[in-house]
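Notes for the one structure printed next.
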Amino acid sequence: MNPLSQSGWIGQIRWSVDGSGFDLRHERDGDGSVDLLRKVETLTELEEVVRRDGEGKYRPLRGEMNLVQGWFYRAKSSEELREVLEVIYPGAVGNWEAEREGRLVQGDWKEAAKRQMGRVQKLIENGEKAVERAERELCQARCGKSPLWSGKKCRAEVGRIPLVCVEPCPIFWDVALASGS
Amino acid sequence: MEFKDTALILAGHGSTKNADSSRFTRETAHRLRERGIFAEVRAGFWKEEPSFADALRGLQSKRAVVVPWFLAKGYFTTQILPREFGETAGVECRVTEPIGSRPEILELVVGRAEKLCQIKKHQPRDVCVLVASHGTGLHAGSRRAAEDLAMGLSKKGYRSARAVFLEEEPRIADWREVVAEDGPVVVLPHFLAGGLHGSEDVPGLLGLSSGAEGWSEVGGREVGYGAALGRPEEMEEMVIRLASAI
């Protein structure tokens, strides 16, 4: 069953399908009428909602489980659903499809670090502990994605698109550099 | 040119600190998607999600044209982007020249300078113009792009036109040393809005209290600050032209 044509979940978002489209909302906003929720009508407006936390602060760690509640978005087609999910969890649908189809070429953090700027590259030589700390403090404590690059597996669940992390993100490097200094 | 089987990727820098850094890139992507010219439209970033690799994996198309959302043929556009989009499984990518290579950029910068002069009814011959840019020791292209703009501006009859930089000499903080001793100064940020450099760092180094477009007084000097580049309505057609150029 493809969640992009049925009701489904991803991260903290779930959507229900009816004859003319998909209603997306925060999973904690329940099953009640959408009348109680604020209607978000454009992708630009949706970005304003999901790129900030409840206090209005920027949330660059997009897998963090602190999406704001109280809104819904009506996607009129599965193509639009895909675009909406791309705004909420950028890259997640594509990564899930690639993982499912065996197209993911998985490397470890050192391979990812080689493609970064000099300071991050230096972690390859003596940053093992800083990377382990960053994984604990960021990936395990704050992020809802499964870091495939550190050997984690994503849990398959009917109707749920898993959040997979293919390689360390820019925030991971920031945290690793901060904890290594 | 037809792009019905080709995706467009706007490849930008993004930020882990500033939510607005990528705003115009994302808005331009949404505008272009709605026009239906390309099979798909995505924005991808070096410092934000989706990463370039994530953006590519999300495509259904087998071909993509990548337009660098950068102002110079510098480190990112000559080193990082060709590598990140060079070896991609399943998607054939073509990376175009960066946005900053388009001649319209000079027109936009000239327009910003003229607008500021008109507000105060200053004549260009009385006004010193500064192009405030990033500059980097990693690549000379960043500096060259700003200096080319200053050269273009100098042909418009201004008292002087120079480029100043965050990370190279002459520094933005030393702006008084590269302009005449008196008279109004117009500063044009050579940054794609609305990142921290154009909206906070450069105004701070100039002694301005905000990065808003308009005139202020700094130590007895009239200083006009221009709007940053990158507004979707200004960039949209440039992106299409870059994608269409072979």
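Nothing here was measured: the structure is a model prediction, and the numbers come from that model. Because only heavy atoms are used, hydrogens play no part in the values below, and waters and symmetry mates are left out as well, while side chains stay in. So you know, we letter chains A, B, ... as the sequences are listed, proteins then strands, and number each from 1.
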[X], part contacting chain A, at a heavy-atom distance under 4.5 Å:
X	answer
B/E84	side chain
B/T16	both
B/F45	neither

Inset, instruction - Please say whether more than 12 non-hydrogen atoms of neighbouring residues, nucleotides or ligands are located less than 6.0 Å from CD in B/E92. - result: no
Inset, instruction - Starting at OH of B/Y75, measure out to CE of A/M117 and round the result to the nearest 0.5 Å. - result: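 Between B/Y75 OH and A/M117 CE, I get 4.5 Å after rounding to 0.5 Å.
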Legend entry - Spatial distance of atom OG1 (A/T42) from atom CD (B/E34) [nearest 0.5 Å]: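 It is 8.0 Å, given to the nearest 0.5 Å.
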Legend entry - Positive for side chain to side chain contact (heavy atoms under 4.5 Å, CB included) with A/T44, one of B/R26, B/H30, B/R31: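 Answer to the side chain to side chain contact (heavy atoms under 4.5 Å, CB included) test with A/T44 among B/R26, B/H30, B/R31: B/H30.
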Inset, instruction - Salt-bridge test for A/R51 and B/E49: reply yes if a basic N is under 4.0 Å from a carboxylate O, no otherwise. - result: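 No.
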Legend entry - N-O pairing of A/K145 and B/D54 below 4.0 Å: no
Under a 4.5 Å cut-off applied to non-hydrogen side-chain atoms, are [X] and [Y] in contact?
X	Y	answer
B/K47	A/D174	yes
A/W96	B/R57	no
B/R23	A/E48	yes

Inset, instruction - Please answer whether the main-chain N or O of A/R115 pairs with a side-chain N or O of B/R83 as donor and acceptor at a distance below 3.5 Å. - result: yes
Legend entry - Donor-acceptor contact below 3.5 Å, side chain A/Y58 vs main chain B/S15: yes
Inset, instruction - Against chain A, work out which of B/A55, B/P50, B/A19, B/G14 has the most heavy-atom pairs shorter than 4.5 Å and name it. - result: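 If we count pairs closer than 4.5 Å to chain A, B/A19 comes out on top.
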Legend entry - Residues in residues 81-89 of chain A that sit under 4.5 Å from chain B, counting heavy atoms only: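 Listed by number, the contacting residues are A/R82, A/E83, A/E86, A/V87.
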